There are 2 protein chains.
Amino acid sequence: MKSFSSYKNPALAIDLVVFGYHDDRLSVLLLNRKDEPFKDQWTLPGAFLQMEESFQDACDRVLGTKLGMNKVYMEQLFTFDDPARDPRGRVISVTYYALINPKKFEVVAGKMANDVQWFDVRKLPALGFDHKTIFKTAHQRLKSKILYYPVGFELLDETFTMPELHHLYECILETKIDRRNFSRKLLASEYIVETGSRREGQQNRPADLYKFNKKLKQNNFQLNIN
Amino acid sequence: MKSFSSYKNPALAIDLVVFGYHDDRLSVLLLNRKDEPFKDQWTLPGAFLQMEESFQDACDRVLGTKLGMNKVYMEQLFTFDDPARDPRGRVISVTYYALINPKKFEVVAGKMANDVQWFDVRKLPALGFDHKTIFKTAHQRLKSKILYYPVGFELLDETFTMPELHHLYECILETKIDRRNFSRKLLASEYIVETGSRREGQQNRPADLYKFNKKLKQNNFQLNIN
DNA sequence: GCAAAAGTGTTGAGGGTACACCCATGA
DNA sequence: TCATGGGTGTACCCTCAACACTTTTGC
């Protein structure tokens, strides 16, 4: 049996598309690179995979050290293999997307970055590498996923109102959704539970607060949009 | 900027779940290994990624040299990263699943294998590495995919009858489907077109032959099962 | 003529869409 | 009391699920 070390292997990177919902809009976290290649340009956060590290470990490392986050919802997206995607040589990129509540974390630029910032998904700057493609793939995946899986709660606070949830869905799907039908559908799915309290101190009638039903494991939720 | 060669990288393998439909059942192609590890055991076909090779190239290489196939429907499945998944050391496995018509190819055991064989998905032998997990992931993906994307045609001949298509769906989904509702639904979707001819020489009433409508690019096909 | 399988049509129930009205709050 | 936004109810339509009869072939 041949030894592995006799083969030369491509480098393996982990790149993350971190979505956040803030100020009534969907955003992505981007990093301004301090070093070449793509110095001073915006890219997705990422890192090279260490030899003993699982993907999860690598993602946690990026989220922890570069962004000051932990325990976030994450899912594998796609593995990008274009031999020309990195000017330094052959780099395979295994990508994940994450959903976080920006209020819970203070983003910090790590050693490798000039800056870290949230960008409205509709107003992204030019991105280095093939990161625009990666972002588009993630955005599309999120749009599909949210229609049959209750993934939006990860972006909101522990408790939230129906109008807040409604607006989040409109934001992600980039469509109008009838709020009454939306409300009925979500309540019928049993994915959300009333808390009994309301969001007070707003301009108008206080909205009921709900929370995600964590006990519910399986469901045939399917949101149909007009 | 650091040189890449200073880093040691995990090995990168490509593994394939090749589905075929034959004798009214769904099968997977397995390979009996000639060498350690898992010598004389069944595994999914695969190979190490070459330095300059894209995933597509690597898949074509495996399908071509080990299985004598070309130009098949293929889709990326998932990338498996368990550091202990290969006894030889750290190997990341990027997996694809393929759909082929077994009648079109004569499978041949390449240099690396004792044997290559189709196995009924319901009667798989023990598999080496984490290939059982990979298979299950692929099977599940195929089940979901076929409900909203006309992927079954890849497994059939150029022309096929409605009962054949119906049985294929029942096979993949492992459920009974009402044949009348199924037929109406498929015809309404415009994914299939009448050829005008019929399957003659059978025991009973000849069935109409259809073919896949290749012109149709986009559709909101969604099959609902009882 | 009979068995077996293929083609086709109908009906009723349920879910979704598209609506309008009432309610609670701050100013 | 008025404007604004949140909560709730209803009717129609359309789709889907359930089901039965007719047709064509081989023996």
Side-chain angles (χ1 to χ4, degrees), chain A residues 23-25 146-148 150 152 156-157 159-171 173-211 219-226, chain B residues 23-25 146-148 150 152 156-157 159-171 173-211 219-226:
Chain A
D23 297 327
D24 288 341
R25 56 179 216 260
I146 206 169
L147 291 178
Y148 64 91
L156 298 171
D157 293 342
T159 63
F160 48 86
T161 66
M162 190 59 84
E164 281 163 8
L165 189 60
H166 176 241
H167 189 269
L168 170 65
Y169 272 71
E170 287 194 332
C171 241
L173 295 168
E174 301 177 301
T175 6
K176 285 277 164 209
I177 307 171
D178 185 279
R179 68 189 178 90
R180 293 156 287 189
N181 294 334
F182 176 83
S183 169
R184 193 168 336 108
K185 184 84 191 181
L186 264 287
L187 287 167
S189 77
E190 297 182 321
Y191 273 130
I192 63 176
V193 186
E194 282 191 78
T195 63
S197 46
R198 295 177 297 175
R199 171 99 60 220
E200 311 276 0
Q202 300 303 106
Q203 198 78 352
N204 307 303
R205 175 173 177 173
D208 294 343
L209 282 166
Y210 296 91
K211 60 182 176 184
N219 203 327
N220 292 340
F221 177 63
Q222 168 101 30
L223 189 65
N224 296 293
I225 301 301
N226 328 356
Chain B
D23 298 327
D24 288 341
R25 53 180 220 261
I146 207 170
L147 292 178
Y148 65 91
L156 298 171
D157 292 343
T159 63
F160 49 86
T161 65
M162 190 59 84
E164 282 162 9
L165 188 60
H166 175 241
H167 189 270
L168 170 64
Y169 272 72
E170 288 195 333
C171 242
L173 296 169
E174 300 177 302
T175 4
K176 285 279 163 208
I177 307 172
D178 184 279
R179 68 188 178 88
R180 294 155 289 190
N181 294 335
F182 177 83
S183 169
R184 195 170 332 109
K185 183 86 190 182
L186 264 287
L187 287 167
S189 78
E190 297 182 321
Y191 273 130
I192 64 178
V193 187
E194 282 191 79
T195 63
S197 46
R198 294 178 298 174
R199 171 99 60 221
E200 312 276 359
Q202 301 302 107
Q203 198 79 353
N204 308 301
R205 175 172 179 174
D208 294 343
L209 282 166
Y210 296 92
K211 62 181 177 185
N219 203 326
N220 291 341
F221 177 63
Q222 169 103 28
L223 189 64
N224 295 294
I225 302 302
N226 328 357

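The chains referred to below are lettered A, B, ... by the order of the sequence lines, with proteins before strands, and numbering in each begins at 1. From a predicted model like this one, the values you see are computed outputs, not experimental measurements.
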- [ ] Output yes when at least one side-chain N/O atom of R198(B) is less than 4.0 Å from OP1 or OP2 of dT25(D), else no.
- [x] yes
Task: Presence of donor-acceptor pair under 3.5 Å, side chain of R184(A) and base of dG7(D) - done: no
TODO: Could you check how far CD of E194(A) sits from P of dG6(D), rounded to whole Å?
DONE: 16 Å
Open item on the list: Expressed as a whole number of angstroms, how long is the span from Q202(B):CD to dC27(D):C1'?
Closed with: 15 Å
TODO: Provide, to the nearest angstrom, the distance between the CG atom belonging to D208(A) and the C1' atom belonging to dG5(D).
DONE: 13 Å
Task: Proximal nucleotide (of dA20(C), dA5(C), dC19(D)) relative to the N204(B) side chain - done: dA5(C)
Open item on the list: Using the side-chain heavy atoms of K185(B), tell me which of these nucleotides is nearest: dA20(C), dC16(D), dA18(C).
Closed with: dC16(D)
Task: Which residue lies more 5' along DNA chain D, comparing G201(B) with Q222(B) via nearest heavy atoms - done: Q222(B)
TODO: Measure the shortest side-chain to side-chain distance between I177(B) and H166(B) over non-hydrogen atoms and say whether it is less than 4.5 angstrom.
DONE: yes
Open item on the list: Can you tell me which nucleotide in dG6(D), dC27(D), dT25(D) comes closest to the side chain of R205(A)?
Closed with: dG6(D)
Task: Residue P163(A), side-chain atoms from C-beta onward, closest of dG9(D), dG6(D), dG7(C) - done: dG6(D)
TODO: Nearest whole angstrom, please: distance from the P of dG9(C) to the CG of N181(B).
DONE: 14 Å
Open item on the list: Without decimals, in angstroms, what is the distance between D178(B) CG and dT15(D) P?
Closed with: 18 Å
Task: Closest listed nucleotide, where the reference is the side chain of N224(A) and the choices are dG7(C), dA18(C), dG16(C) - done: dG16(C)
TODO: Please work out if E200(A) contacts a base, only the sugar-phosphate, or nothing of the nucleic acid, heavy-atom cut-off 4.0 Å.
DONE: nothing
Open item on the list: Which is more 5' along DNA chain C, the nucleotide nearest R180(A) or the one nearest Q203(A)? Just name the residue.
Closed with: R180(A)
Open item on the list: Taking NZ in K185(B) as the centre, count heavy atoms belonging to other residues, nucleotides or ligands within less than 6.0 Å. Is the count above 12?
Closed with: yes
Task: C171(B) versus R25(B), closest heavy-atom pair with distance - done: SG-CA, 3.7 Å
- [ ] Give R199(B) one of three labels, base, sugar-phosphate or nothing, depending on what nucleic acid heavy atoms sit under 4.0 Å from its own.
- [x] nothing
Open item on the list: Rounded to whole Å, please give me the gap between CG in L209(B) and C1' in dG7(C).
Closed with: 14 Å
Task: Atom of T161(B), atom of R199(B) and distance for their closest heavy-atom approach - done: CG2-CB, 3.8 Å
Open item on the list: Looking at every heavy atom in both K211(B) and T159(B), which two are closest together, and how far apart are they?
Closed with: CB-CG2, 4.4 Å
